[in-house]
Chemist: 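Quick one: structure below, then a few questions.
Just so you know, these numbers come straight off a predicted model, no measurement behind them. The residues of the chain are indexed from 1 along the displayed sequence.
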Amino acid sequence: MSKIKNIPTWVSIPEQSDFSVQNLPFGIFSVGKSSPRVGIAIGNQIIDLAAVAAYGLFVNLNFNVAVFEKSTLNDFIATGKTNWSSLRNRIQELLNEDNYELKSIAKEVLVPMEKATMHLPVSIGDYTDFYSSREHATNVGKLFRDPENALMPNWEHMPVAYHGRSSSIVVSGTDIRRPSGQTKTSAATAPSFGPTTSLDFELEMAFIIGKSTNLGDQVSTDQAEDHIFGMVLFNDWSARDIQKWEYVPLGPFLGKSFASSMSPWIVTLEALQPFKTDAVKKDTEILPYLKCVQDFNIDINLEAYIQPKNGEEELISTTNYKYLYWNYCQQLAHHTINGCNVNIGDLLASGTISGPDENSFGSLLEITAGGKKSLSLNNNVERKFLEDGDSITLCGFAQKDNVRVGFGEVTAKILPQ
Ligand code: MN
């Protein structure tokens, strides 16, 4: 693997910032009462792309820069991969320490992040949630089903998934109201109704479709990267008691569909290329359509923090995207193998990402063994599941050769029912 090129810049970027010159993630932001528009994060600032375009600095780009005035990224994404790349190259050129074109108008086109409101970056038509962490699937299988045969027989042969609900995906910072639903404990003779008593987070990542397909088309594993725009952090909130009672035989429904949270900045696949790493070793032979010419994953450090009501924020999980058994190419190839079409803006989530040891579990379900033991926090605070007023924050970043490409965070607080 070649070293990542260092790009000296005139912009002041705090040390350990997720948003380096090598990153340049896309988001939708607004300031005050201005309408939401497209921005790129750099350090602790946002490049207002529509403003940069108005100064004529994008005249050599081969697409209509009016897409930067839109309130979602869908139209920009639709301009295609070559244009994402040209824009990225142009921004890196403008940020170079020897370039004065953008520097001379910096005050007009750079917005401090603290002044901006971030919005949902894409219009999401469809949302699918995979189940691609072997460790998570095994842990959940032991808790919900059979400790001896935790992994279902299909699991090592396909990236198992369910269709989620896109309407309830919200951007980081949006409060989550505790859902109510139907539950039944194994001791009870009849189900009851009320607010969930086992509200949980799921540490996930998701990728955003960047190129639509037609009904009937299949996307092979080696074409898959051409159909993906970028990635985000994703918290797939889950009500375990509702889920446990409802999920047989058709899978998750109301225990999941009340809300999912996503980070506001989409890190492009191009920015993530230098962080590719070896795939998890597979002992079971897989069908040809799921094989990659060169199997890989991406080395992205992931963390989950809890801030209990009136308490201090604490790290409760450290895991990595590279632990996933199935990579995003295999997920997309499987998703389209029956001819199901995908559209720009669709969100395909990884499933909870757990690692091999107890500090790397991506949900409270696993950390507390289904509520059988307590998670001990500072000041004698204990949690089995989330309480009203608790916040969960997920962070993620890739780092190599002193270059950091990060995702910022996805955070949300639980409100009472
Ligand atoms: Mn999930």
Side-chain angles (χ1 to χ4, degrees), residues 131 133-152 155 176 178-188 191-192 194-204 235-248 252 255-256 258 261 301-320 323-324 350-395 411-414 416-417:
Y131 193 53
S133 157
R134 189 192 170 103
E135 290 81 3
H136 173 70
T138 304
N139 293 338
V140 173
K142 281 180 185 168
L143 289 167
F144 271 30
R145 286 182 302 271
D146 178 2
E148 299 301 311
N149 295 295
L151 223 48
M152 297 299 271
W155 199 91
I176 304 298
R178 177 178 298 273
S180 285
Q182 198 182 122
T183 60
K184 183 187 163 301
T185 59
S186 37
S192 55
T196 174
T197 56
S198 43
L199 185 55
D200 199 358
F201 71 95
E202 289 192 335
L203 193 174
E204 304 197 13
N235 183 347
D236 180 31
W237 302 99
S238 301
R240 301 301 182 189
D241 44 2
I242 298 172
Q243 181 186 354
K244 191 171 184 182
W245 172 231
E246 77 179 356
Y247 88 104
V248 180
K256 299 276 190 176
F258 58 94
S261 302
N301 303 290
L302 297 167
E303 295 168 334
Y305 294 82
I306 188 168
Q307 181 163 21
K309 186 183 183 181
N310 303 324
E312 46 197 70
E313 189 169 75
E314 273 180 72
L315 179 67
I316 54 170
S317 180
T318 305
T319 181
N320 196 301
Y323 294 141
L324 289 186
S350 60
T352 308
I353 305 167
S354 292
D357 58 70
E358 280 194 25
N359 299 324
S360 59
F361 291 166
S363 65
L364 285 173
L365 179 73
E366 293 161 88
I367 293 170
T368 69
K372 286 203 253 316
K373 55 186 184 189
S374 287
L375 168 67
S376 295
L377 300 168
N378 291 337
N379 305 319
N380 299 319
V381 174
E382 295 200 331
R383 285 291 182 274
K384 286 179 172 158
F385 290 101
L386 297 171
E387 296 188 4
D388 296 341
D390 291 354
S391 295
I392 291 286
T393 302
L394 310 179
C395 301
T411 189
K413 187 165 84 178
I414 305 302
Q417 172 45 237

Chemist: Is there a donor-acceptor contact under 3.5 Å from the side chain of E312 to the main chain of N378?
Modeler: no
Chemist: With rounding to the nearest 0.5 Å, note down the distance linking CD1 in I367 to CZ in F385.
Modeler: 10.5 Å
Chemist: Looking only at heavy atoms, which two atoms of Q417 and P195 are closest? And how far apart?
Modeler: CG-CG, 3.9 Å
Chemist: Taking the inter-plane angle between the rings of Y131 and H136 on a 0 to 90° scale, is it parallel (under 30°), tilted (30 to 60°) or perpendicular (over 60°)?
Modeler: perpendicular
Chemist: Say whether, by atom type as modelled, one donor and one acceptor occur between the side chain of E314 and the main chain of I306 under 3.5 angstrom.
Modeler: no
Chemist: Taking salt bridge (charged side-chain N to carboxylate O under 4.0 Å, His left out) as the definition, give me every residue that meets it alongside E202, ordered by chain and number, with sequence neighbours left out.
Modeler: R240, K256
Chemist: Can you list the steps and then say if S261 with W237 is a side chain to side chain contact (heavy atoms under 4.5 Å, CB included)?
Modeler: CA-CA 8 Å; S261 302; W237 302 99; 2.8 Å; yes
Chemist: Using the side chain to side chain contact (heavy atoms under 4.5 Å, CB included) rule, take T368 and S374 through it: C-alpha gap first, then chi angles, then the decisive distance, then the call.
Modeler: CA-CA 6 Å; T368 69; S374 287; over 6 Å; no
Chemist: For the side chain to side chain donor-acceptor pair (under 3.5 Å) test, which of R134, E366, E135 pairs with S354?
Modeler: E366
Chemist: How long is the straight-line distance from OG1 of T185 back to NZ of K244, given to the nearest 0.5 Å?
Modeler: 9.5 Å
Chemist: Flag the pair I353 / L324 as yes when at least one side-chain heavy-atom distance between them is below 4.5 Å, and no otherwise.
Modeler: yes
Chemist: May I ask you to test the F361-T352 pair for a side-chain heavy-atom distance under 4.5 Å?
Modeler: no
Chemist: So L377 and R383, do their side chains get closer than 4.5 Å, heavy atoms only?
Modeler: yes
Chemist: Under 4.5 Å between any side-chain heavy atoms of P179 and T196, yes or no?
Modeler: yes
Chemist: What's the shortest heavy-atom distance between A304 and L394, and which atoms?
Modeler: CB-CD2, 3.7 Å
Chemist: Please check: side-chain N/O of D357 versus main-chain N/O of N359, any donor-acceptor pairing under 3.5 Å?
Modeler: yes
Chemist: Name all residues meeting the side-chain hydrogen bond (donor to acceptor under 3.5 Å, both in side chains) criterion together with S317; count only those two or more places apart in sequence or in a different chain, and write none if there are none.
Modeler: none
Chemist: Of D388, D390, D200, D241, which is the lone residue that meets salt bridge (Lys or Arg N to Asp or Glu O under 4.0 Å) with R178?
Modeler: D388
Chemist: Side chains of N320 and L302, heavy atoms from C-beta outward: is any pair under 4.5 Å?
Modeler: no
Chemist: Assess whether atom NZ of K184 is packed by more than 12 heavy atoms of other residues, nucleotides or ligands within 6.0 Å.
Modeler: yes
Chemist: Atom CD of residue position E382 - does it have more than 12 heavy atoms of other residues, nucleotides or ligands inside 6.0 Å?
Modeler: yes
Chemist: Which value, rounded to the nearest 0.5 Å, describes the distance between S350 atom OG and E204 atom CD?
Modeler: 4.5 Å
Chemist: Would you check if L365 and N139 make a side-chain contact, meaning some heavy-atom pair closer than 4.5 Å?
Modeler: no
Chemist: What residues, two or more places apart in sequence or in another chain, satisfy ring pair (Phe, Tyr, Trp, His ring centres under 6.0 Å) together with Y305?
Modeler: none
Chemist: So how far is it from L151 CG to R145 CZ, rounded to the nearest 0.5 Å?
Modeler: 8.5 Å
Chemist: Given I392, which partner from the list I414, L386, L364 fulfils the side chain to side chain contact (heavy atoms under 4.5 Å, CB included) test?
Modeler: L386
Chemist: Rounded to the nearest 0.5 Å, what separation is found between the CZ atom of F201 and the OG atom of S238?
Modeler: 10.0 Å
